[in-house]
Protein chains: 2
Amino acid sequence: MDPMNTAPASADAPRWLTGEEQRIWRSYLHATTLLEDHLDRQLQRDAGMPHVYYGLLVGLAEAPHRRLRMTELAMKAKITRSRLSHAIARLEKSGWVRREDCPSDKRGQLAVLTDAGMEVLKRSAPGHVAAVRQALFERLTPEQQKSLGEIMQIVAEGLQPDDAGADLPWLR
Amino acid sequence: MDPMNTAPASADAPRWLTGEEQRIWRSYLHATTLLEDHLDRQLQRDAGMPHVYYGLLVGLAEAPHRRLRMTELAMKAKITRSRLSHAIARLEKSGWVRREDCPSDKRGQLAVLTDAGMEVLKRSAPGHVAAVRQALFERLTPEQQKSLGEIMQIVAEGLQPDDAGADLPWLR
DNA sequence: CCGTGTTTGTTCAAAATTCAAGAAGAGGGC
DNA sequence: GCCCTCTTCTTGAATTTTGAACAAACACGG
């Protein structure tokens with residue numbers, strides 16, 4: 001009846017994590033930071049860019065005509081437009097991306113993957129995939145892989161900026 | 001018999017991710033970046049520091065006498081000593097940590113959690129735990145939580161700098 | 001005690017990220 | 001048209017992170 005009764009946000013007696021939850025959370029933190037660092041170093045060494053930037057090139061390579069509006073690319077990569085602006089500037093300086101004006105919207109910019117960008121992707125993709133494989137998939141059973149996919153899907157959905165009000169169902 | 005036969009590293013025909021593996025990997029990337037951003041903003045707003053810094057305070061709070069050698073703290077938090085140096089400098093400027101010389105090793109430094117640091121921890125912990133709960137645990141079944149713990153444990157173990165040569169068992 | 005190699009922690013500069021602010025265009029309503 | 005609001009993207013400054021280089025102290029074989 002009373003929504004405040006079932007979700008006391010953060011007031012009153014805080015509900016701490018149980019010992020088991022703490023172990024899970026710590027494992028999560030350790031695994032994710034170690035993996036991200038690992039891939040960052042691998043790509044910095046082999047491709048000359050951090051993991052996020054690599055992800056941007058992949059996003060462009062998959063898009064029709066290898067180009068995407070800034071906002072779309074930002075959403076696809078789950079980063080802010082500001083961050084993307086800086087990132088694209090850097091990738092442009094490296095010659096892997098160029099900007100184009102959007103014909104239909106004079107405010108808009110298209111990020112376009114250059115041939116050089118496609119090249120560096122082709123060249124570094126195998127090593128990157130191998131790293132992901134070795135760090136993640138090779139260590140997990142098929143069941144664990146499936147489970148991981150479901151779990152991450154759920155978590156991601158719960159955090160989409162779009163679904164911001166998802167925890168206020170009575171306002172929908 | 002021949003180790004090279006079972007692990008062609010990254011040469012020759014690269015073994016790409018299957019469609020299902022790609023979905024899993026993307027979900028992983030989206031979930032982890034969204035969650036880390038979410039917690040970073042939450043803590044920046046409520047505690048005035050990013051998530052990693054908060055983790056450092058927690059690490060100190062758990063340590064005997066609320067103090068830890070720099071290297072130990074760095075290992076506990078899975079970050080480099082360089083990064084830790086900067087972070088501690090910042091936390092020191094905020095008054096939440098202070099440095100002490102290590103008695104037994106003149107090279108060493110101890111990072112010590114101050115009372116003010118303990119205060120900010122106490123004050124912001126409930127909100128942080130609530131955020132973790134809401135973003136992660138509340139959305140997963142007990143089985144999924146258990147599975148997540150096991151998976152992350154495995155991944156983390158595989159990336160520990162200590163275990164660097166774990167994929168070269170014949171050298172052990 | 002003297003070298004030699006390692007560990008510890010810091011520093012610098014360069015790179016990356018965040019946040020707030022802002023310019024410029026789009027999209028209506030009137 | 002005009003006004004108002006929202007969207008798009010960029011910018012600049014401050015913060016954070018990285019990687020290499022470094023000094024100081026340790027460890028230890030000789």
Side-chain angles (χ1 to χ4, degrees), chain A residues 33-34 36-56 67-94 96-112 161-162, chain B residues 33-34 36-56 67-94 96-112 161-162:
Chain A
T33 65
L34 286 172
E36 186 59 12
D37 282 14
H38 183 63
L39 296 181
D40 263 334
R41 298 225 171 86
Q42 190 266 321
L43 281 171
Q44 192 71 58
R45 176 165 52 76
D46 298 350
M49 70 189 113
H51 187 199
V52 187
Y53 289 27
Y54 178 91
L56 296 177
R67 70 198 58 207
L68 232 38
R69 286 287 295 267
M70 295 294 279
T71 296
E72 292 179 70
L73 184 52
M75 291 196 312
K76 192 162 177 162
K78 265 77 189 166
I79 62 177
T80 63
R81 282 193 301 270
S82 171
R83 186 175 177 182
L84 181 62
S85 263
H86 291 293
I88 291 296
R90 195 287 216 173
L91 290 172
E92 211 171 11
K93 213 176 319 188
S94 301
W96 298 327
V97 170
R98 75 167 175 279
R99 290 183 214 243
E100 276 182 16
D101 292 343
C102 176
S104 58
D105 186 338
K106 268 179 232 157
R107 296 168 302 180
Q109 289 281 103
L110 292 174
V112 186
D162 321 306
Chain B
T33 65
L34 286 172
E36 185 59 12
D37 281 14
H38 183 63
L39 295 181
D40 262 335
R41 297 225 170 85
Q42 191 266 321
L43 281 171
Q44 192 71 58
R45 177 165 51 76
D46 298 350
M49 70 189 111
H51 188 200
V52 187
Y53 289 26
Y54 179 90
L56 296 176
R67 70 199 58 208
L68 232 37
R69 285 287 295 266
M70 295 294 280
T71 297
E72 293 179 70
L73 184 52
M75 291 196 312
K76 192 162 176 162
K78 264 77 189 167
I79 63 177
T80 64
R81 285 192 303 273
S82 171
R83 187 175 177 183
L84 181 63
S85 263
H86 291 292
I88 291 295
R90 196 282 217 180
L91 290 172
E92 211 172 10
K93 212 176 318 187
S94 303
W96 299 328
V97 170
R98 74 167 176 280
R99 290 180 214 244
E100 275 181 17
D101 291 343
C102 176
S104 58
D105 186 337
K106 268 179 236 159
R107 296 168 301 180
Q109 290 279 104
L110 293 174
V112 187
D162 321 306

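Across the protein-nucleic acid pair, B:Leu73 atom CG and C:dT8 atom P stand 14 Å apart, rounded to whole Å. Here the P atom of nucleotide D:dA24 and the CD atom of B:Gln109 are 15 Å apart, to the nearest Å. Between the CG atom of A:Leu56 and the P atom of D:dC9 there is a distance of 14 Å, rounded to whole Å. Protein atom CG of B:Leu84 is 8 Å distant from nucleotide atom P of C:dT10, rounded to whole Å. Computed from coordinates, the B:Lys93 NZ to D:dT16 P distance equals 9 Å when rounded to whole Å. When the P atom of C:dT17 is taken as reference, atom NE2 of A:His51 falls 12 Å away, rounded to whole Å. Rounded to a whole Å, the CE atom of B:Met75 is 12 Å from the C1' atom of C:dT7. For the pair A:Glu36 CD and D:dT18 C1', the interatomic distance rounds to 14 Å; values are reported in whole Å.
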Close N or O pairs between protein and nucleotides 11-14 of chain C (under 3.5 Å):
| residue | atom | partner | partner atom | Å |
| --- | --- | --- | --- | --- |
| C:dT11 | O4 | B:Ser82 | OG | 3.1 |
| C:dC12 | N4 | B:His86 | NE2 | 3.0 |

For nucleotides 1-5 of chain C, print each protein N/O atom paired with a nucleotide N/O atom at under 3.5 Å, atom names and distance only.
none

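For the atom pair CZ (B:Arg41) and CG (B:Asp46), the distance works out to 13.5 Å, reported to the nearest 0.5 Å. To the nearest 0.5 Å, atoms CG (A:Leu34) and CG (A:Leu39) are separated by 11.0 Å. The distance from the CD atom of A:Gln44 to the OH atom of A:Tyr54 is 14.0 Å, given to the nearest 0.5 Å. Between atom CE of residue B:Met49 and atom NE2 of residue B:His51 there is a gap of 10.5 Å, rounded to the nearest 0.5 Å. Distance OG/B:Ser94 to CD/B:Glu92: 10.0 Å, rounded to 0.5 Å. Atoms NE2 and CZ, from A:His86 and A:Arg81 in turn, are 13.0 Å apart once rounded to the nearest 0.5 Å.
The shortest heavy-atom contact between A:Ala111 and A:Met70 is CB-SD, 4.2 Å. Contact detail for B:Gln109 and B:Cys102: the closest heavy-atom pair is N-CB, 4.2 Å. Closest heavy-atom contact between B:Lys78 and A:Thr33: CB-OG1, 3.7 Å.
Checking D:dT16, D:dC9, C:dA26 against the side-chain heavy atoms of A:Lys106 singles out C:dA26 as nearest. Comparing C:dT17, C:dT8, D:dT16 by their closest approach to the side chain of B:Arg90 singles out D:dT16. Considering only side-chain atoms of A:Arg107, the nucleotide from C:dA26, C:dT17, C:dT18 that sits closest is C:dA26. Checking D:dC9, D:dT18, C:dT18 against every side-chain atom of A:Arg69, the shortest atom distance belongs to D:dC9.
In this structure, B:Asp105 pairs ionically with B:Arg69, as a charged nitrogen and a carboxylate oxygen lie closer than 4.0 Å.
Considering only heavy atoms from C-beta on, A:Thr80 stays 4.5 Å or farther from B:Asp37 through its side chain.
Residue whose closest nucleotide on DNA chain D sits further toward the 5' end, between A:Leu110 and A:Asp37: A:Leu110. Across the interface with DNA chain C, nearest-nucleotide mapping of A:Asp105 and A:Ile79 shows A:Ile79 to be the residue nearer the 5′ end.
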query = Passes side-chain contact (heavy atoms from CB on, under 4.5 Å), B:Leu56 versus B:Ile79? Steps please.
reply = CA-CA 10 Å; B:Leu56 296 176; B:Ile79 63 177; 4.2 Å; yes

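Side-chain atoms of A:Arg83 and base atoms of C:dT17 include no donor and acceptor less than 3.5 Å apart.
Across residues 39-47 of chain A, A:Arg41 each have a non-hydrogen atom less than 4.0 Å from an atom of DNA chain D (numbered order).
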